[in-house]
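For reference, the structure is listed below as structure tokens.
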Amino acid sequence: MKLPSVNLACIIDDDNVYVNLVKKIIETKKLCKNLMIFSDGKESIDYFEALLQNINDESSIPEIIFLDLNMPVMDGWQFLERFTKIKNNFNKTITLYVVSSSINPIDINRAKSLNSVADYLIKPIRINELKAIFEKSA
Amino acid sequence: MVISDSMAEDRLLQNIINDSNTEYWEYKDGSNYWSSAFLKKLGYNESDIDVNISFFLNKLIGDDYREEFRDNFFSYIKHHTHFEQNIQILRKDGKLKEFFCYTNEKEAIAQKDDSKILFFKEKKFRTNEKVKKSNFYYREFAKMTNTGSWFIDFIKQKSYWDQQTRKILEYPEDYLPSLKKAYKYYAEEHIELASNCFIQCSMEGIPFDTEIIMLTANKRKFWVRAIGKPVYDNERNIIGIRGIFQDIDDDKSKILTLQKTSDIIASQNSRLFNFAHIVSHNLRSHSSNLTLITDFIEDVDSIEEKLEMLGNIKDISESLNSTIEHLNEIVTIQTKTNHKKVEVSFSETLDRVIKSISRIIHESDTKFNIDFSQLSHLNYLPAYLESILLNLVTNAIKYKHKQRSPEIAIKTYVSDGKKYLEVSDNGMGIDMQKFGNKLFGMYKTFHYNKDAVGIGLFITKNQVESLNGHISVDSDVDIGSTFKIQF
């Protein structure tokens with residue numbers, strides 16, 4: 001069995017059921033070594049902004065982010081606004097995917113037009129899709 | 001003819017109006033000027049006549065047109081009310097000549113504010129005598145348009161109505177209208193509007209054209225378009241008002257119904273929009289979780305792992321259930337508005353609410369400060385009032401301040417004839433700048449709170465608005481929030 005080469009992935013989503021499932025899939029399929037979970041945009045942007053103080057701690061910077069749009073306190077759009085500002089200060093490529101159940105074309109086009117967003121994935125995300133994403137970043 | 005130097009010098013119209021081929025009057029600072037073309041058309045020399053309005057009204061104008069012209073002219077001079085009318089003027093040879101007289105409302109010419117211009121266009125065809133003399137057309141027209149005429153004579157202190165006015169106001173044919181008790185022809189809420197119109201018209205000569213609710217002899221309210229214009233004597237004194245009442249009740253009530261219908265459609269549309277939002281976001285997220293889980297169950301090999309997944313399916317089905325309940329609540333807001341309103345007591349309703357959540361009130365050590373003394377009852381849907389109070393009270397407890405136990409002040413009052421309910425708390429407050437506009441939206445939560453669902457305020461707002469009320473909020477972080485409902 002090949003070893004996972006993605007070190008750290010990050011899920012920002014308030015849907016517990018979804019988060020637990022994806023976590024389970026990632027663990028079972030050994031898609032990455034470590035997984036970080038935030039239940040809204042505020043918690044996670046606080047984390048990334050704090051990371052800037054300690055920029056050489058590469059192991060704490062995720063290679064992949066899965067971001068939900070509809071969340072309490074701070075939603076995905078607000079997160080993206082602030083994340084885009086600091087993204088280039090990390091000396092590591094962070095690939096961000098928007099993962100949402102919204103099939104509204106306005107949401108989809110808006111997300112795809114942002115250059116900090118690699119792709120827009122519509123829930124349900126399929127296991128094969130998930131695998132492909134991790135392999136791409138590996 | 002006297003014409004002052006300055007008037008001739010700075011006349012802006014000079015380029016457009018040529019004195020010798022345009023028939024017009026200019027009126028400025030109380031002095032008249034009649035163009036030479038006007039005089040020539042009538043065959044007069046300047047020495048034959050006096051250029052002033054009273055000479056014109058007494059000697060030159062045809063009898064049938066005197067009153068109409070006099071009122072139009074003075075209204076134009078005093079208030080710049082534009083007009084157009086037919087007119088007959090006596091020529092030097094003793095014959096009447098017909099003109100079309102009009103002010104320059106539609107003419108695109110520069111005009112100084114303080115000078116007034118009247119044009120007289122010669123009529124090529126005389127108005128047919130049969131049309132002019134007959135009252136037939138007037139009567140048919142009045143009947144067709146439901147329009148009655150009236151006249152108030154200030155000298156004789158009397159008012160006069162035509163038959164059509166009596167008919168639309170449902171008074172008998174021999175009814176004599178009362179001037180002193182004229183207020184009784186208007187609906188109570190519009191008596192002030194009516195008296196303002198008539199007073200301004202009689203004192204200042206300001207004409208009116210307004211939509212007003214009148215009262216028939218049978219005390220039936222109906223919408224009328226009322227037009228009134230001052231009547232002048234030759235010395236510019238206002239000696240009366242005349243005008244028309246047009247019954248516009250059918251049109252007006254159609255417009256009001258249309259407005260109401262469009263309001264209902266707008267609010268239903270916004271509920272539908274929310275409905276679609278829940279369906280697309282919340283129902284979809286459950287179904288996509290189901291897909292993901294079945295996908296995963298197929299993917300794993302061992303029976304144990306497959307069974308483990310079943311627990312997740314139970315979670316999903318519970319969330320699915322509660323989402324469907326929310327959907328149901330939103331749909332019932334719409335259907336319940338058809339129910340009957342009854343007299344509801346605030347204190348009894350609040351008692352029921354407090355009883356139903358006595359456990360969390362006790363656990364959170366919540367204190368109440370209640371004042372229903374100014375308004376104890378309300379004509380409302382009982383279930384709504386209960387749900388509104390329940391939502392606001394539980395919100396106040398749910399979002400209490402971390403350092404203190406909740407204190408909730410509830411009061412009712414009447415202000416400007418409107419009924420209000422206010423619920424204030426000393427809780428954690430909401431950042432109005434950040435969240436103010438989203439506060440009543442669906443599935444919007446603003447706190448790190450496990451209980452936050454984001455449906456309560458959305459439902460409260462919908463309930464209040466479905467009964468034509470209004471809800472607003474004022475809040476300061478760390479101080480508390482006040483919700484104000486206008487019923």
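These values consider heavy atoms only, across backbone and side chains, with no hydrogens, waters or symmetry-generated copies. A note on names: the letters A, B, ... follow the listed sequences, proteins ahead of strands, and every chain is numbered from 1.
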Under a 4.5 Å cut-off applied to non-hydrogen side-chain atoms, are [X] and [Y] in contact?
X	Y	result
D315(B)	N20(A)	no
N289(B)	K123(A)	no
I293(B)	V17(A)	no

Does [X] have more than 12 heavy atoms from other residues, nucleotides or ligands lying within 6.0 Å of its [atom1]?
X	atom1	answer
I106(A)	CD1	no
K92(A)	NZ	yes
K136(A)	NZ	no

I need the residue from T28(A), I127(A), V22(A), I122(A) with the largest number of non-hydrogen atom pairs under 4.5 Å to chain B.
I127(A)
Can you measure from [atom1] ([X]) to [atom2] ([Y]) and round to the nearest 0.5 angstrom?
X	Y	atom1	atom2	result
L292(B)	K24(A)	CG	NZ	12.5 Å
I103(A)	S288(B)	CD1	OG	11.0 Å
T291(B)	I125(A)	OG1	CD1	12.5 Å
E129(A)	D295(B)	CD	CG	10.0 Å

In short, ring pair (Phe, Tyr, Trp, His ring centres under 6.0 Å) pairs touching residues 461-487 of chain B with sequence neighbours left out are Y380(B)-F487(B)
